[in-house]
Amino acid sequence: MAADEGRFGRLGEIRACWCPPGIRPVVPKQQVREYVYAYAAVAPQLGRMTALILPYANTQMMNLFLKQVSEDFAEYFIIMQVDRAAWHRSKSLQIPENIRLLAQPSHSPELMPVEHIWEDIRENYFYNRILKSMDKVVDTLCQGLVELSAAPERLRSLTYFPHLRISC
């Protein structure tokens, strides 16, 4: 598996968009700095994902997330690829019995499959939109995560990197 956190909020990002010739597109932008963090762990071979939306990215939230992953994948022993964030290496991190963390090399986000999940959700649900409240941000993020979880083939195509393929 691979796990990562993504920050989502009301700080809008403008992206290029299509429009008919001769029409100038108008895209809204806002500068409200409020955020929530989506934690996701993906099992690319299975096309399964577990996700939580939490208020912070820290050791306490990571403990909650690892407990949830452990319960959702209780029938498996999990080797989980993580980046080198401080809360992934904390001495107070409580790692469940069925999980072992494997730190990826420093400064290598291209190796993290979950980064593609964040890109997909931002592109399909957040770009060129203004969300009037944090509740709307959470609702939009939930919609994206639920729809992606319900599409195992799409999830697999986004995340099943060659370095995660195990052959016997």
Side-chain angles (χ1 to χ4, degrees), residues 1-69 72-73 80-88 103-104 106-161 163-164:
M1 293 186 80
D4 195 25
E5 305 80 29
R7 184 173 72 176
F8 292 84
R10 297 183 60 207
L11 186 60
E13 186 171 337
I14 297 175
R15 285 288 177 110
C17 59
W18 179 89
C19 68
I23 295 178
R24 185 180 179 126
V26 177
V27 178
K29 180 166 173 71
Q30 65 184 4
Q31 294 289 334
V32 181
R33 287 177 169 81
E34 294 179 307
Y35 306 100
V36 293
Y37 293 85
Y39 287 68
V42 63
Q45 185 175 15
L46 301 174
R48 285 180 53 193
M49 175 174 74
T50 292
L52 288 179
I53 298 172
L54 298 168
Y56 308 106
N58 61 26
T59 304
Q60 183 181 6
M61 299 296 112
M62 187 65 182
N63 285 334
L64 290 173
F65 177 65
L66 287 175
K67 183 178 180 210
Q68 184 65 48
V69 172
D72 288 352
F73 290 87
M80 183 180 291
Q81 175 187 346
V82 295
D83 59 22
R84 294 181 182 266
W87 49 88
H88 296 161
Q104 71 184 27
S106 297
H107 309 293
S108 55
E110 67 278 1
L111 296 177
M112 178 53 71
V114 182
E115 292 290 345
H116 289 269
I117 292 172
W118 304 146
E119 290 171 11
D120 185 76
I121 290 173
R122 285 186 178 100
E123 183 177 316
N124 293 314
Y125 298 92
F126 282 90
Y127 287 145
N128 297 336
R129 293 186 62 198
I130 287 185
L131 302 171
K132 296 189 183 284
S133 70
M134 284 306 292
D135 287 341
K136 187 63 176 161
V137 170
V138 170
D139 290 346
T140 303
L141 183 53
C142 283
Q143 179 186 0
L145 290 168
V146 166
E147 288 179 12
L148 197 52
S149 290
E153 284 304 316
R154 179 159 173 70
L155 190 59
R156 196 174 292 117
S157 75
L158 286 171
T159 61
Y160 202 14
F161 289 11
H163 71 274
L164 294 174

With sequence neighbours excluded, tell me which residues meet side-chain contact (heavy atoms from CB on, under 4.5 Å) with V146. none
Partners of Q81 by side chain to side chain donor-acceptor pair (under 3.5 Å), sequence neighbours excluded? Q104, H163
Residues in salt bridge (Lys or Arg N to Asp or Glu O under 4.0 Å) with R84, at least two apart? none
Salt bridge (Lys or Arg N to Asp or Glu O under 4.0 Å) partners of D120, counting only residues at least two apart: R154
Counterpart residues, side chain to side chain donor-acceptor pair (under 3.5 Å), relative to Y39 (two or more places apart): none
If I take atom CD from residue E115 and atom OG from residue S108, how far apart are they, to the nearest 0.5 angstrom? 10.0 Å
Identify whether the distance between the nearest side-chain nitrogen and carboxylate oxygen of E153 and R156 falls below 4.0 Å. yes
Test side-chain contact (heavy atoms from CB on, under 4.5 Å) applied to A43 - qualifying residues, sequence neighbours left out: M1, L46, F73
Non-neighbouring partners of K136 that pass side-chain contact (heavy atoms from CB on, under 4.5 Å), sequence neighbours left out: R129, L131, S133, T140
Using side-chain heavy atoms (C-beta onward) and a distance below 4.5 Å, is F126 in contact with V137? yes
R122 NZ/CZ over F8 ring centroid, <6.0 Å and within 45° of normal: yes
Considering all heavy atoms of both residues, which atom of V138 and which atom of I53 are nearest to each other, and what is their separation? O-CD1, 4.1 Å
Tell me, do L158 and P113 make a side-chain contact under 4.5 Å, heavy atoms counted? no
Taking every heavy atom of M49 against every heavy atom of L145, the minimum-distance pair comes out as CE-O, 3.6 Å
In terms of heavy-atom contacts, F65 and A3 come closest through CE2-CB, 4.0 Å
Those residues that, when tested against D72, pass side-chain contact (heavy atoms from CB on, under 4.5 Å) (two or more places apart): T50, Q68
Going by ring-ring contact (aromatic ring centres under 6.0 Å, His included), name the residues that satisfy it together with H116, two or more places apart in sequence or in a different chain. F161
Of the non-hydrogen atoms in V114 and A2, which two are nearest, and what is the gap between them? CG2-O, 3.4 Å
Would you please test M62 and K67 for side chain to side chain contact (heavy atoms under 4.5 Å, CB included) and show each step? CA-CA 9 Å; M62 187 65 182; K67 183 178 180 210; over 6 Å; no
Straight-line distance of Y35 OH to R7 CZ, nearest 0.5 Å: 4.0 Å
Does L155 reach the side chain of Y160, with side-chain heavy atoms less than 4.5 Å apart? no
Only distances under 3.5 Å count here; give the side-chain donor-acceptor pairs of residues 54-61 to other protein atoms, sequence neighbours excluded, each with its distance to 0.1 Å.
| unit_1 | atom_1 | unit_2 | atom_2 | d |
| --- | --- | --- | --- | --- |
| N58 | OD1 | Q60 | N | 3.2 |
| N58 | OD1 | M61 | N | 2.9 |
| T59 | OG1 | S90 | OG | 3.4 |

Set of salt bridge (Lys or Arg N to Asp or Glu O under 4.0 Å) partners for E110, sequence neighbours left out: none
Partner set under ring-ring contact (aromatic ring centres under 6.0 Å, His included) for W87, not counting sequence neighbours: none
Would you sort out whether L66 and M80 count as a side chain to side chain contact (heavy atoms under 4.5 Å, CB included), showing the intermediate values? CA-CA 10 Å; L66 287 175; M80 183 180 291; 4.0 Å; yes
Minimum heavy-atom distance M112-D83, with the two atoms named: CE-N, 3.9 Å
Locate the shortest heavy-atom distance separating I121 from G144; write the atom from each residue and the value. CD1-C, 4.2 Å
Heavy-atom side-chain proximity of D4 to V42 below 4.5 angstrom: no
